[in-house]
Amino acid sequence: MIVGKGQKIEIEIAEKQEAETIELKEGAHAHITIIGARTLRLDVVLSEEGAVLEINGIFRGNADEEQNVILHIVQDAPYTSCNVRFRVALKDSARSRFDGLIRMTERATDSHARLSYRGILLSKQSRAMPTPRLEILTKRIASASHEASIGTIDPQQLFYLQSRGVSRKEAERLIVDAFLT
């Protein structure tokens, strides 16, 4: 798919969709939402000046569900911007594997890149295995960052909600819903 000059689009990646390739032209803006994808390879090229990419991914894993996501994003023009935000909540023996790469070529001067993956584990058997990566080949960038964190529900948050009359199950649901939004 090619997003033309100055075009703004919203793309929703369906649960069963396995691959997508997107190119963003001058001033194009794409907002991609990935909800529940099990296996996905997403390749995006920001090929012309001023292209903007935003990706929001959400996965709720139950039972023995597995998620395998590979993102390969290339910023190949000046003044481009890329912001990737992935959130997963895993229970039972669910698994999430995430391999995200943002590559800023020599041409991507004065560009922004951010890659964030956060997971919350709701059981001892669930697993999150993120690999966020940045490859910066230009000497002049505006900003670049990547992060990954995995944890459990904060017991103090549970205590607070339960002290207000919310059941433990409902408190966990509220915390997970807030985490994923």
Side-chain angles (χ1 to χ4, degrees), residues 1-4 6-25 27-47 50-62 65-76 79-91 94-104 108 111-122 126-135 141-153 172-181:
M1 167 187 300
I2 295 177
V3 183
Q7 189 177 9
K8 292 184 178 186
I9 65 165
E10 300 234 356
I11 301 168
E12 187 167 313
I13 304 284
E15 184 174 320
K16 297 188 189 299
Q17 194 169 347
E18 292 186 7
E20 183 70 52
T21 301
I22 301 168
E23 181 179 358
L24 302 177
K25 297 292 188 176
H29 187 135
H31 183 268
I32 301 172
T33 304
I34 302 169
I35 298 179
R38 300 292 186 263
T39 300
L40 174 66
R41 175 169 178 108
L42 178 60
D43 294 295
V44 182
V45 177
L46 288 74
S47 63
V52 176
L53 172 66
E54 295 177 51
I55 298 176
N56 286 315
I58 297 171
F59 178 66
R60 288 177 186 260
N62 301 306
E65 292 177 324
E66 266 193 48
Q67 178 191 51
N68 293 296
V69 173
I70 298 171
L71 298 180
H72 186 243
I73 300 162
V74 177
Q75 290 179 252
D76 194 32
Y79 304 104
T80 57
S81 178
C82 175
N83 185 18
V84 177
R85 180 186 179 270
F86 246 81
R87 299 291 180 264
V88 300
L90 307 169
K91 66 181 182 178
R95 305 265 188 273
S96 172
R97 287 182 184 86
F98 175 85
D99 183 4
L101 169 67
I102 299 176
R103 183 174 193 256
M104 301 173 86
S111 293
H112 298 269
R114 183 168 194 275
L115 176 59
S116 172
Y117 176 100
R118 293 189 182 174
I120 191 165
L121 305 179
L122 303 170
S126 58
R127 298 284 179 265
M129 295 151 278
T131 307
R133 299 177 291 146
L134 288 176
E135 184 178 349
I141 61 169
S143 67
S145 66
H146 67 298
E147 66 174 333
S149 64
I150 301 162
T152 58
I153 291 179
E172 284 181 1
R173 187 193 66 76
L174 289 170
I175 292 168
V176 169
D177 287 352
F179 173 78
L180 292 174
T181 56

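Please read all numbers here as calculations on a predicted model, not as lab measurements.
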ask   = Quick one: are I55 and I73 in side-chain contact, heavy atoms under 4.5 Å?
value = yes
request  = Indicate yes or no: does D177 engage R60 in a salt bridge with an N to O separation below 4.0 Å.
outcome  = yes
inquiry  = Just to verify, what does F59 make a ring pair (Phe, Tyr, Trp, His ring centres under 6.0 Å) with, not counting sequence neighbours?
reply    = none
remark   = Sorted by chain and residue number, the side-chain contact (heavy atoms from CB on, under 4.5 Å) partners of S126 (sequence neighbours excluded) come out as L90, L121, S123
key: Exercise: identify the closest heavy-atom pair between A148 and P132   = CB-CG, 3.8 Å
Non-neighbouring partners of E20 that pass salt bridge (charged side-chain N to carboxylate O under 4.0 Å, His left out), sequence neighbours left out = none
request  = Assess whether side chain to side chain contact (heavy atoms under 4.5 Å, CB included) is satisfied between R133 and H146, documenting all intermediate values.
outcome  = CA-CA 7 Å; R133 299 177 291 146; H146 67 298; 5.8 Å; no
task = Check side-chain contact (heavy atoms from CB on, under 4.5 Å) between A89 and all other residues, then give those that pass, not counting sequence neighbours.
result = I120, L122, V176, L180
query = Under the side-chain contact (heavy atoms from CB on, under 4.5 Å) test, which residues partner S47, sequence neighbours left out?
reply = E23, K25, V45
key: Q67 side chain reached by L40 side chain, heavy atoms, under 4.5 Å   = no
query = When the ring planes of F86 and F98 are compared, do they come out parallel, tilted or perpendicular, using 30° and 60° as the limits?
reply = tilted
request  = Using side-chain contact (heavy atoms from CB on, under 4.5 Å) as the criterion, list what pairs up with E147, not counting sequence neighbours.
outcome  = R114, S116, R118
ask   = Cut-off 3.5 Å, side chains only: do N83 and H112 have a donor facing an acceptor?
value = no
message = Under a 3.5 Å distance rule, please check whether T131 uses its side chain to pair with a backbone N or O of D99 as donor and acceptor.
response = no
